[in-house]
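Below is one structure; the comments refer to it alone.
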Amino acid sequence: MKSDNDKIHKAVALLVEQMQSGVLSHCNQNGERYPSGDELAAIVDLCYAILFPGFFGDSTSVNTDTLRYHIGVNVEKLHVKLVEQLIAGMCFDADDKKDPETRTADAREMASDFIESLPDIRDVVCTDVEAIFRGDPAAKNYGEIILAYPGLKAIVNYRIAHKLLEVGANPLMPRMITEMAHSVTGIDIHPGATIGRYFAIDHGTGVVIGETTIIGENVKLYQGVTLGARSFPSDENNVIIKGILRHPIIEDNVVIYAGATILGRITIGHDSVIGGNTWITESVPARSKVTL
């Protein structure tokens with residue numbers, strides 16, 4: 001009969017063998033760090049403190065006299081953490097053969113580009129807050145939306161993640177950031193989606209927005225809406241082809257009610273209303289009303 005130690009040693013040996021030869025492993029080759037969920041959460045928290053000073057971060061001492069100090073300190077902390085995590089993400093770049101100095105220089109440039117875009121991110125997020133407030137009679141003030149609305153949390157995380165993708169971050173890092181909001185809100189927005197200003201998600205649980213979705217301005221979604229792909233084409237080896245345009249285009253001023261499913265690279269024309277629980281796989285002309 002095998003002893004406990006024999007069983008443990010055998011399990012360790014088999015696990016090491018599997019990880020050395022299998023595809024689901026990522027062994028450290030050059031002493032690089034891996035992306036950290038805790039550090040990315042801290043980055044998101046700093047972004048919230050910068051975008052919404054007084055609502056997040058050290059709110060007790062933020063006023064018109066100290067605002068520049070608080071934002072300056074948080075931006076400096078953000079830059080340091082961003083550089084570290086951007087470098088960590090580079091270890092997942094399949095073709096990365098850069099030396100450490102080049103990696104650091106690239107990460108610093110990406111971090112600076114992201115921070116330079118923060119005023120633009122705030123400008124767009126403010127339109128999202130306004131759109132949610134305008135469309136929800138239960139909302140009493142902007143502060144309630146900023147602090148308590150899951151739809152806004154998912155949108156802000158998406159806007160942060162999407163900008164990181166735009167400045168050149170490895171896609172893993174933005175995906176982890178949107179998944180942080182997904183796990184809390186039940187709203188799944190891929191960081192690769194393109195979403196215009198004045199975007200509102202009401203209630204939001206169960207909303208899915210795919211990677212190649214394009215959403216115009218002044219669009220509102222209710223809970224359970226899916227903007228997904230209709231099918232997944234495969235190559236001659238029956239492997240799914242990645243990177244194709246497979247999600248819907250939602251034009252300006254569209255409202256999509258709860259439970260609607262819109263699939264494939266189709267267009268929902270501007271100023272349309274899509275009723276609840278509808279299933280749509282063909283384009284819809286502008287100013288349409290679609291019901292079950």
Side-chain angles (χ1 to χ4, degrees), residues 41 43-60 62-64 67-68 70-71 74-75 78 114-166 174 177-191 193-209 213-225 227 250-258 270-271:
I43 284 171
V44 172
D45 287 344
L46 284 168
C47 287
Y48 273 74
I50 293 164
L51 296 173
F52 302 109
F55 290 98
F56 300 97
D58 182 9
S59 61
T60 57
V62 176
N63 54 53
T64 54
L67 186 60
R68 177 180 289 273
H70 281 284
I71 291 178
N74 285 330
V75 164
L78 176 62
F114 175 81
I115 288 171
E116 186 180 31
S117 74
L118 283 172
D120 293 332
I121 294 174
R122 176 175 165 78
D123 181 56
V124 175
V125 167
C126 285
T127 71
D128 301 327
V129 173
E130 183 179 341
I132 294 170
F133 181 78
R134 281 193 326 226
D136 186 357
K140 302 301 186 291
N141 51 63
Y142 289 157
E144 181 183 2
I145 293 166
I146 292 168
L147 290 169
Y149 273 48
L152 185 71
K153 181 176 183 63
I155 293 168
V156 174
N157 276 47
Y158 154 77
R159 300 240 185 248
I160 293 167
H162 184 73
K163 180 53 66 174
L164 284 169
L165 204 57
E166 286 187 332
I177 289 172
T178 54
E179 286 303 316
M180 290 174 191
H182 182 196
S183 65
V184 174
T185 67
I187 300 169
D188 182 3
I189 309 177
H190 195 285
T194 302
I195 301 176
R197 297 159 66 88
Y198 295 96
F199 181 52
I201 300 176
D202 199 345
H203 304 295
T205 304
V207 166
V208 177
I209 301 174
T213 302
I214 298 176
I215 297 176
E217 295 192 355
N218 197 34
V219 171
K220 184 175 184 178
L221 310 182
Y222 285 82
Q223 67 272 19
V225 168
L227 305 178
I250 312 298
E251 294 185 343
D252 297 347
N253 308 315
V254 171
V255 178
I256 306 176
Y257 282 96
H270 63 83
D271 297 279

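Here, residue 1 is the first one in the sequence, and each next residue gets the next number.
- Evaluated for a side-chain contact (heavy atoms from CB on, under 4.5 Å) with L118, the options D123, L78, I71, I160 yield exactly one hit, L78.
- Here the closest heavy-atom approach between residue T127 and residue Y198 is recorded as OG1-N, 2.9 Å.
- The pair D120-K163 does not count as a salt bridge, with every side-chain nitrogen at least 4.0 angstrom from each carboxylate oxygen.
- In terms of heavy atoms, P150 sits closest to T185 at O-CG2, 3.6 Å.
- A distance of 8.5 Å separates CG of L227 from CD1 of I195, quoted to the nearest 0.5 Å.
- The minimum heavy-atom distance linking Y257 with V255 is given by the pair CE1-CG1, 3.6 Å.
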message = Run R159 and I155 through side chain to side chain contact (heavy atoms under 4.5 Å, CB included) and show every step you take.
response = CA-CA 6 Å; R159 300 240 185 248; I155 293 168; 3.9 Å; yes
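- Between atom CZ of residue F56 and atom CG of residue L51 there is a gap of 9.5 Å, rounded to the nearest 0.5 Å.
- The two residues N157 and T178 make their nearest non-hydrogen contact at O-CG2, 4.2 Å.
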message = Could you walk me through whether F52 and V125 satisfy the side chain to side chain contact (heavy atoms under 4.5 Å, CB included) test, starting with their C-alpha distance in whole Å, then the side-chain angles of each, then the deciding distance to 0.1 Å, before giving a yes or no?
response = CA-CA 10 Å; F52 302 109; V125 167; 3.3 Å; yes
request  = List the steps and the verdict of side chain to side chain contact (heavy atoms under 4.5 Å, CB included) for F114 and E166.
outcome  = CA-CA 9 Å; F114 175 81; E166 286 187 332; over 6 Å; no
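- Judged purely by atom type and a 3.5 angstrom limit, H162 uses its side chain to pair as donor or acceptor with the backbone of A193.
- When side chains are defined from C-beta on, D136 counts as touching Y149, because their heavy atoms get closer than 4.5 Å.
- Taken from CG in D128 to CD1 in I145, the straight-line distance is 10.5 Å, to the nearest 0.5 Å.
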task = Could you walk me through whether N253 and N218 pass the side chain to side chain donor-acceptor pair (under 3.5 Å) test, one step at a time?
result = CA-CA 5 Å; N253 308 315; N218 197 34; 2.9 Å; yes
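- Note that NE2 of H190 is 12.0 Å distant from NE2 of H182, once rounded to the nearest 0.5 Å.
- With sequence neighbours left out, the salt bridge (charged side-chain N to carboxylate O under 4.0 Å, His left out) criterion links K220 to D202.
- Taking every heavy atom of both residues into account, V207 and Q223 meet most closely at CG2-CA, 4.1 Å.
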task = Check the pair Y158, I209 against side chain to side chain contact (heavy atoms under 4.5 Å, CB included), reporting the backbone distance first and the verdict last.
result = CA-CA 11 Å; Y158 154 77; I209 301 174; over 6 Å; no
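- In terms of heavy-atom proximity, H203 sits nearest to I187 at O-CD1, 4.4 Å.
- Between L221 and F199, some side-chain heavy-atom pair lies under the 4.5 Å cut-off.
- Few gaps surround OH on Y48; more than 12 heavy atoms of other groups in view lie less than 6.0 Å from it.
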